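From a predicted model like this one, the values you see are computed outputs, not experimental measurements.
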Amino acid sequence: MWAIRLEMAGCGCDPRRNDIMGKTAPLPDQMSKTYNAGEIEQPLYRWWEIEGYFKPRIDPSRKPFVISMPPPNVTGALHLGHAIVSCIEDALIRYHRMTGRPTLWVPGTDHAGIATQNVVERELAKEGLTRHHLGRTKFVERVWEWKRVFHQRITDQHRRLGVSCDWDRERFTMDEDLSRAVREAFVRLYERNLIYRGAYLVNWCPRCGTAISDLEVEHEEEDTSLWHVRYWTEEGDRYITVATTRPETILGDTAVAVNPSDPRYGDMVGRKVRLPVINRLIPVIVDEVVDSSFGTGAVKVTPAHDPVDYEMGIRHGLPVINAMNDDATMNREAGPYQGQDRIECRRNLVADLEAMGDLVKVEPYHHSVGHCQRCHTIVEPRISTQWFVRTKPLAQPALQVVRDGRIRIIPERFTKVYYEWMENIRDWCISRQLWWGHRIPVWYCDGCGAQTCSRVDPTECPHCGSHAIHQDEDVLDTWFSSGLWPFSTLGWPEKTEDLDYFYPTSVLETAYDILFFWVARMIMLGLDMTGEVPFDTVYLHGLVRDEEGRKISKSLPDAWRYDPLLVIEEYGQDALRFTLLTGSTPGNDMKLSQSRIEANRNFANKIWQAARFVLGNLDGRAPEFVPPAKPLAPDAQVNTADRWILSRYHRLVGQVTRLIDGYQLGEAGRQVYEFLWGEYCDWYIEMTKVRLRDRDQASADAARRVLVYVLEGCLRLLHPYMPFATEAIWQYLPHRGQALIVAPWPQGGAVDDAAEEQIGTLMELVRTIRNARSEYGVEPGRRIAAIIAAGERLPFLQEQASILEALARLDGGRLRLEESLDSTPDKALALVVGGLDCYLPLASLLDLDRERARVRTDLERLAAETARSEKLLANRDFVAKAPQVVVERERDKLAGYHERREKLQEQLHSLSS
RNA sequence: GGGUGCGUGGCUCAGUUGGUCAGAGCGCACGGUUCACAUCCGUGAGGUCACUGGUUCGAGUCCAGUCGCGCCCACCA
C-alpha cells in the first residue's frame, strides 16, 4: 500500500508501470494470521504474468541469461520428477533476473514420438482397436487430440509450479516452424552424406513394430539357460556341439565358428554341418573372436539376429538369413515353426532337440537381455533398412568443446561419462516405423527409382520428371528434433532477432539420465547446425525418488501420489520447491519425504510470522522504514545487536551469491533458512522486543530500520527458493519498487567481527543460564537474580542488560553487573562463559554435590582439550607450517582454556569450603 | 568386463579450495497458554563420519585398497 504512495511521492521508484497498469499485487489488505499458500499463489502468478515480468527486456549492451526448458513429453501429466526441473530452472532464472540481466526462459513440450504413440495405442486398445483400424491419418489426428489435452494439463501444472517462463515464446516440437528446422537439419546432413540409408542390424522392438536406437535398449541381468546343441556333419559321422542362449535363432544360422588355434576342432574346419530339424547345411569356419574357453568353444553364427555374428558374417561373406517377421513370429525360413512366436518356437524347438537326442545339456545361465525402453519387450536384433546419422564426424567437435571448456558440465564427473560415450559413439539409427512424428523428407520415384531429399515437398521426380513419387513412410527419432531445441525454438534456420540475441543459451539443466539421449545430441547438432555451442553450462540434477527409493515415473502404480498439484495443494508450491532445492545436491538422487515438505511449509509460515511481527511494530510509520537502495551502514543509533545482525546478514548475502554462482543451490538455500530462523527470529527479533517497547524512540526506530532492512533483504535472497511467499510478504513490508520478482539482488555490506564476537558471548551466556535453569527445574516464568563479573565486557553487558534480563528471564532489580567481584557469592550456582563469571544465587535449589560433580566433569573435559591444544602448539611443524590465523586461533583458544580452568577451580574451591 | 556414485546420531540427508568440540530436519526425552508464530518456544540425549593403510603439522574432507548398496556403459555365444 505505502509502496505505491511512496512511488507517487517520487521516492526513486519507477512510477511508469503504475501509471500504465495501475495495479498492485492481488493480495488481501492484511496478512492472514497464518501463512496460507492456497490463497496467494495463483493470484500472484497471474499478476506476474499479466505484468509481463516473465518477458525479457532486450538490451543489446548486456549479455542475456537464457535457459531452454527441457520439453516434457505430451504423454501425460507431470509428476514430481518433472517438478525438480521447473524448480531448479526457475530458481536460476529468478536469480539472474534479479541481478538485472535480460533473462529468458523458453518453455515447450515434446511430441515424444514412440512414447506418445504408445499411450494413444493403449487407449485405442481399450476400445478394442489398433492404429491400423484407424489408418494413418485418423490415428495421427487422434494423437493430436491427446496432445491438446495433455499439453493443457502440463502448462497448467507448470503455472502452478510458479515457472516464470516467457509463455509467448512457447514451442512444441511439431510446430510448423520447428518442423521446418527438423527438415533443414535433415537435408543439410543428408547433403553432406552424414545421413545415409541402408540395411543393417538394428534393435527391433517387435511390440512397437519399429527400430530403436542403441540408447533405447535397456539391458537387464536375467537368469536364463545356456543350451548345448549338437550339429551333425553332413556325412553324419561326427558332430560339433554349440552353446546358445537363444535356440530359436538356430533356424537362421549360416555357420559354426571356432577359434583358429583350437586343437579340438582343427579337422572340422571347412566341413559342413547340418542344422537340426531343418537340415540346412552350414560351414564350420574359424574366427579370432571365438573364445575357446567359453561353452564348447564352438559358436553358432546367426548374422541376421546377433550383432557379433553380423560382423562375423561380413568378414566371411556368410549369407544372412532372417528367420523372423516384424512381430517376432517365425517366418518361412523356420520351416515347421513358421508362424510361431519366437518364445513358442524356442520351447518347441528345444523339445524337438531333446526328442532327437541332440540337446546335450542345459545349464543355468545369467546374462543381460535387452528390453525396449518404452514397452519392455525383449528387443530383437534384426536386419532392417533404416536411416542413420554418421556420428563420428559430429562427435569430434562435440568432444572438443567440452575438452577446451567452452561447455562446462556440472557436476564435473559427468564429463568423463560424456567423453567415454562420445569417443565410442556409433551411428545413430534415426528412422522409426511409427506414424507420430516428423516424416523423413525423402521421396522415391516409382519410375526411375531415384531418391530425393528435399526441404519442400516435391511434386515430381527431379531426375525423370515422373509424378509417381512417394514419401518415405518412416518418421524420425523424437530425439532428432529435441537435438535442435535450443535454436529451433529461437527461430532457426531463420536469422531471427531472438536467435541473434539469445543464442547460444546459457544453462542447459536436466536430469543426468538423458545426458546421451539429449544433451550429447544437442551439442553435436548445435555445433554442426549453428557453428556455436548451444549452451555454455550443463547442469545435471539427480532423480527424484519416492520414500522407498524408487525412481518416480508414470509407470509406478501409485504415481498419483506424486502429482505435484496434490503436494502443492497440501503444503504450497514454496514448500515443495524449497524441499526439492535444498534436499538435493547436483547429480545425486534424492528421496522426497513428506515430513521434509511439511518442515519447509513451516519455514514459510515462520517467515510470515516474522513479517507480521515486524509490521506490527512499525508504529504505523511504515514509509519511514523503506530499506535504502544501498547497504545499510551502521550509524550512531544502532547498538551492538543491530550491528551483529547486519554483519551476519551481509555475510550471508556474500555467501548465498557465491554459492548460487557456483551452482550450489541447496547449500545457499539452507544458509538462508538457518539465518532467518536461527539468528533473525530466534535471537534478533527477541532482542528487539525490549527496545521496541522502550521509551528510547531513537533506539526503537533503529531496531525497526534494521528489522525491515534485514528481513526485506532475506526475502530477496529467498525469492528464487520461495517465490510466492516471499513476493507476498514483500508486498506487505516497506519496500521500493513494484514487485519482488524484479527487485535487485541484494548487495553485501560491511561485516563487524567485534559485534559478532560480543553478541556471540551474550548468546552463550543466555544459553548457559537457560540450561542451568532447566537442569535445576527453575519454573520457566520465574525471574531470578544474577551476579556477573564481566571484566572488560562490562560496558557491553550494561548496554545489553535489559536484553539479557529478557532472554534469560532475570530479575532486573537483582541483576548485578560488575567488572570484578571482591569475593565469590555464597550459595550460588557459578557459570563460566566466554571469560566472564556468572553467579545465580539459587540457594534453595542448590545441590552442592551435584555442582561439584558438574564442575569436575567440566574440568576433566577442559583438561583433555587443553592437552590437545598444548600438544598441537608444542608441535614445531604445526607452528611453522600451518597458516598464521590457524595458529593464532589455537593460541587464543588455549588462553581461554587456561582462564576457564582457573575460574572453574576457584568455583570448586568455594563449593568445597 | 569397464566406469561411476553412495555408505555421517533411530530415520532422511548437508558438510567444494583439508584447519574450532562434525551440522540440520524429522523422531525421541523433559519443560512451556509472555501480546509474530503450537505450522511454535526453551532444554537435553544420541555419531570411533563403513573398514584398512597412506599423504599431511592437521583428514568426514586428498590417495590406494577392502566390504556393502545403487546406477551407467559394454558385440559375456
Phosphate contact (B:rA14 OP1 or OP2) by A:Thr585 side-chain N/O below 4.0 Å: yes

Whole angstroms only, please: what is the NZ-P distance between A:Lys606 and B:rG25? 12 Å

Starting from C1' on B:rU16, measure out to CZ on A:Arg408 and report it in whole angstrom. 11 Å

Under 4.0 Å, heavy atoms only, any strand: does A:Phe603 hit a base, just the sugar-phosphate, or nothing? nothing

Just to confirm, is there a sub-4.0 Å distance from OP1 or OP2 of B:rC40 to any side-chain nitrogen or oxygen of A:Asn602? yes

Tell me whether the count of non-hydrogen atoms from other residues, nucleotides or ligands lying under 6.0 Å of CZ in A:Arg861 goes above 12. no

Does A:Arg426 make a side-chain N or O approach to OP1 or OP2 of B:rC75 shorter than 4.0 Å? yes

Could you tell me the separation between the CD1 atom of A:Ile514 and the C1' atom of B:rC71, rounded to a whole number of Å? 16 Å

Under 3.5 Å, is there any donor-acceptor pair linking the side chain of A:Gln671 to the base of B:rA24? no

At less than 3.5 Å, do the side-chain atoms of A:Arg601 and the base atoms of B:rU39 form a donor-acceptor pair? yes

On the nucleotide B:rC57, are OP1 or OP2 found under 4.0 Å from the side-chain N or O atoms that A:Lys871 carries? no

Quick one: on RNA chain B, does A:Arg861 or A:Thr34 contact a more 5' nucleotide (nearest heavy atom)? A:Arg861

When you measure from the side-chain N and O atoms of A:His219 to the phosphate of B:rC73, is any distance below 4.0 Å, counting only OP1 and OP2? no

Expressed in angstrom and rounded to an integer, what is the separation of A:Ile769 atom CD1 from B:rG44 atom P? 13 Å

